[in-house]
Each structure stands twice: as structure tokens, then as C-alpha cells.
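Everything numeric in this text was worked out from a predicted model, so none of it was measured. For ligands, and for the atoms within them, numbers begin at 1 and follow the listed sequence.
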Amino acid sequence: MAEKKENKEKTIEEKIKEQNIKKVAVFTSGGDAPGMNACIRAVVRTCSYHGVQIKGIMRGYAGIIDGDFKNMTPRSVSNIIQRGGTILKSARSEEFKTKEGMEQAYFNLKAERIEGVIAIGGDGTFRGAYEFSQKYDIPFIGVPGTIDNDMFGTDFTIGYDTALNTVVECIDKIRDTAHAHDRLFFIEVMGRDAGFIALYSGIASGAEAILIPETETNIDNLVESLDYGWRRKKTSSIVLVAEGEEVGGAIEIAKMVKERMNGRYDIRVTILGHIQRGGAPTCNDRVLASRLGVRATEALLAGERNIMAGMINNKIVFTDFVKATKHNTEINRDLLRISEILSY
Ligand code: ATP
């Protein structure tokens with residue numbers, strides 16, 4: 001009788017051994033996000049665990065073009081898990097979008113004998129990696145690091161949770177003074193294309209209204225609802241405005257509301273700005289960055305290419321770059337309804 005052939009799925013260790021990759025690199029790109037350091041640490045230590053050499057590339061794609069690489073060991077990522085920013089620095093590079101820029105990048109990676117790259121960044125970073133993969137044979141794996149949470153293929157991006165907690169802490173402080181002086185505050189938060197930060201922090205801080213790019217804003221309706229609050233003895237209110245709101249930023253919207261309010265509220269504006277990017281990552285961001293960093297690196301070493309590691313329902317999933325960059329993450333409409341009910 002013919003022997004039954006076993007068709008057992010290879011383990012990750014077996015796949016890594018089979019690929020026999022000797023050297024890879026890691027970089028951070030686009031806007032920095034708290035937790036990027038925790039992810040760099042995870043990538044470096046996973047490589048060392050599997051006996052693979054790892055280079056850190058400084059300043060994202062700009063550093064690849066300049067050949068700005070440095071050796072990394074488990075000790076070069078000691079004591080960084082709790083730090084915001086990125087020890088590899090981040091940058092935006094127009095040059096990488098050109099044929100010559102990409103050619104130079106490939107030349108430098110080849111000269112360093114780099115066989116694969118971990119890219120930590122946002123959708124622009126993965127668009128760049130995808131374009132590169134169409135012309136050159138060095139594989140990339142992406143890890144979503146951006147405070148905006150606007151990536152398809154993951155429930156949360158690295159840095160989002162920390163940014164939310166920073167924003168909520170700021171709003172709580174503004175609420176104290178708003179209440180003391182019976183004021184209406186317009187607070188602008190980050191989110192050029194997406195309202196995730198505004199929506200979540202607005203619910204967490206009890207904002208009276210949340211204006212985001214995903215929904216249509218009607219200033220008359222906003223005035224009507226603030227007026228309604230005033231008539232029901234609300235003396236202070238907070239309106240959260242995502243910076244990508246299509247009617248305008250917090251300054252413009254506050255002006256429009258003031259013109260229609262007939263002095264009923266004392267109106268102030270605060271733009272939180274870059275404070276939202278900094279600070280020690282939260283526990284959630286550190287764990288997310290660590291889990292994604294390990295699994296993305298193991299995927300690269302096991303021969304995967306041009307995909308992004310994400311977390312959906314607490315499970316690691318991989319999404320190809322085209323899907324991750326072309327699809328939009330939908331805002332949860334139920335949260336908008338909840339915020340409306342709770343500001344009553
Ligand atoms: P964030 O969401 O925080 O802004 P990001 O990764 O989306 O992060 P971008 O500035 O959009 O930030 O992109 C980072 C870099 O990726 C760009 O500066 C550029 O070097 C590269 N890049 C973006 N799009 C492309 C493209 N189509 N082709 C080549 N490179 C690109």
C-alpha cells in the first residue's frame with residue numbers, strides 16, 4: 001500500500017529557516033506616532049532572535065536615498081519602549097517619488113545586501129513601498145504607524161490610542177475653564193482626512209458637537225443645537241472640530257457661529273496641534289506595536305512580501321498594499337448617533 005503523504009503546514013520557524021535571509025532593514029516614515037519606538041524595538045529583537053542582521057535606516061525614504069543606515073543590536077533599542085517620537089527619525093521624501101530617487105534607493109539597499117525592509121508609517125509610506133515593489137525585487141512589509149487611524153486592514157494604528165488619551169486630557173482641562181467662565185470652546189484636533197480622533201475623544205470627553213470630514217456640517221443646525229443647550233441651562237459647551245472638516249477649521253467655524261449667536265456664548269478657540277503627536281505611548285500602543293513588529297518581521301523572514309500587518313478583532317491579519325492604501329476605513333456611524341444622544 002502506498003504510504004500516505006503527510007501534507008503538514010510548515011511552522012513559521014521552518015519557513016524562516018528555509019528562506020535563510022541574512023540581513024534586513026527597518027525605517028519609520030510619514031508623521032511620527034507614539035509607539036513607533038516600541039515597534040522598532042520589536043523588529044530589531046525579532047531579527048536578533050532569529051539570527052538575522054538588522055540595519056536601521058534614518059529619516060524614512062530620504063535615508064534610503066542618502067544611504068543613511070546604522071547597525072542595530074538588541075542593546076541599541078534598550079530603554080525606548082516608553083518613548084514617543086522615533087529614534088530612527090521620520091521624514092517625507094519627494095525624491096523617492098522620482099525614477100532617479102527610487103533607483104538610488106535600490107542601489108543603496110543592494111550595496112548593503114539588504115534582503116527585505118520593514119516600513120513603519122501611514123498609507124503614503126505603503127504607496128511608496130508598493131511603487132518600489134513594482135520595479136525592484138526587494139520585499140517590503142508594512143506596519144501601520146500613524147495617529148490618524150485611517151488605515152484599511154487594521155482596527156487600530158500605532159499611536160492612535162496615545163493621541164486619543166492626550167486629546168482627552170487636554171479637553172478635560174479646557175472643560176474646567178469653560179465651565180468656570182460659562183464659555184463655548186471650539187477645539188481643533190488632528191485628522192486631515194479622517195475624523196477618528198475627533199469622534200472617539202469627543203465621546204470620551206462629553207463634547208456637545210463633533211464635526212468631522214466624513215459627515216456634512218450645517219452651521220445653522222449646529223447653532224440651533226447649541227442654542228437648544230443654552231435654553232436648557234447649559235452654560236458651557238465644547239465643539240470638537242477635525243482639522244479636515246470641509247466647512248473650515250475651528251477658527252472659521254467659531255467665527256460663523258459667533259455671527260449667528262447674538263452674544264449668547266463667550267466663544268474661544270483652541271488648536272491642540274502637535275502636542276497630539278508626542279508623549280509616552282499608552283500600554284495599548286506599546287502592546288500593539290510589539291505584536292505587529294514581531295509578526296511583520298517574522299512574515300518578512302518567512303518570505304512574505306508587500307503586505308501590511310494589522311490587528312482585527314485582536315488577531316494579526318495581513319493585507320496587501322494595494323488594498324490597504326486604496327480602501328478607506330469607514331467611520332462607525334453608530335458612534336455619531338451615540339455622541340448626539342449623550343450631548344442632549
Ligand atoms: P501619515 O499618515 O502620518 O501622514 P504617511 O506614510 O501617509 O504618514 P506621507 O507623507 O503621505 O505619510 O508618505 C510618506 C512618504 O512616502 C512620502 O514622503 C514619500 O516619500 C513616500 N510616498 C508616498 N506616496 C508615494 C508614491 N506614490 N510613490 C513613491 N513614494 C511615495
Return yes or no for this condition: an N or O of [X] is under 3.5 Å from an N or O of ligand 1.
X: Gly122; answer: yes
X: Asp148; answer: no
X: Arg92; answer: yes

Exam field: side chain Thr154 to backbone Thr157, donor-acceptor pair closer than 3.5 Å
no
Without swapping roles, check the side chain of Glu304 against the backbone of Ile141 for a donor-acceptor pair under 3.5 Å.
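No; judged by distance alone, with no hydrogens or angles, the pair does not exist.
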Measure from atom 13 (O) of ligand 1 to every heavy atom in Gly124, Gly128, Ala105 and give the option owning the shortest one.
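It is Gly124 whose heavy atom sits nearest to atom 13 (O) of ligand 1.
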Any idea which protein heavy atom is nearest atom 1 (P) of ligand 1, and the distance to it?
Gly31 N, 3.8 Å
Quick one: nearest non-hydrogen protein atom to atom 19 (C) of ligand 1, plus distance?
Ser93 O, 3.3 Å
Taking only heavy atoms of [X] into account, list the atoms of ligand 1 that are under 4.0 Å away from them.
X: Met102; result: 29 (C)
X: Ser29; result: 14 (C), 15 (C)
X: Arg192; result: 4 (O)

Answer yes or no for Arg45 and Tyr49: cation-pi contact, defined as NZ/CZ to six-membered ring centre under 6.0 Å and angle to ring axis within 45°.
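No, Arg45 does not sit over the ring of Tyr49.
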Would Tyr200 and Tyr160 count as a close aromatic pair, with their ring centres under 6.0 Å?
yes
When the aromatic ring centroids of Tyr61 and Phe27 are compared, is their separation below 6.0 Å?
yes
Please work out, at 4.0 Å between heavy atoms, whether the side chain, the backbone, both, or neither of Glu131 comes within that distance of ligand 1.
side chain
Which is it for Thr125 and ligand 1 at heavy atoms under 4.0 Å: side chain, backbone, both or neither?
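Both parts.
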Hey, is Glu13 close enough to Lys17 for a salt bridge, meaning N to O under 4.0 Å?
no
Quick one: CD1 on Ile120 to CG on Leu292, what's the gap to the nearest 0.5 Å?
10.0 Å
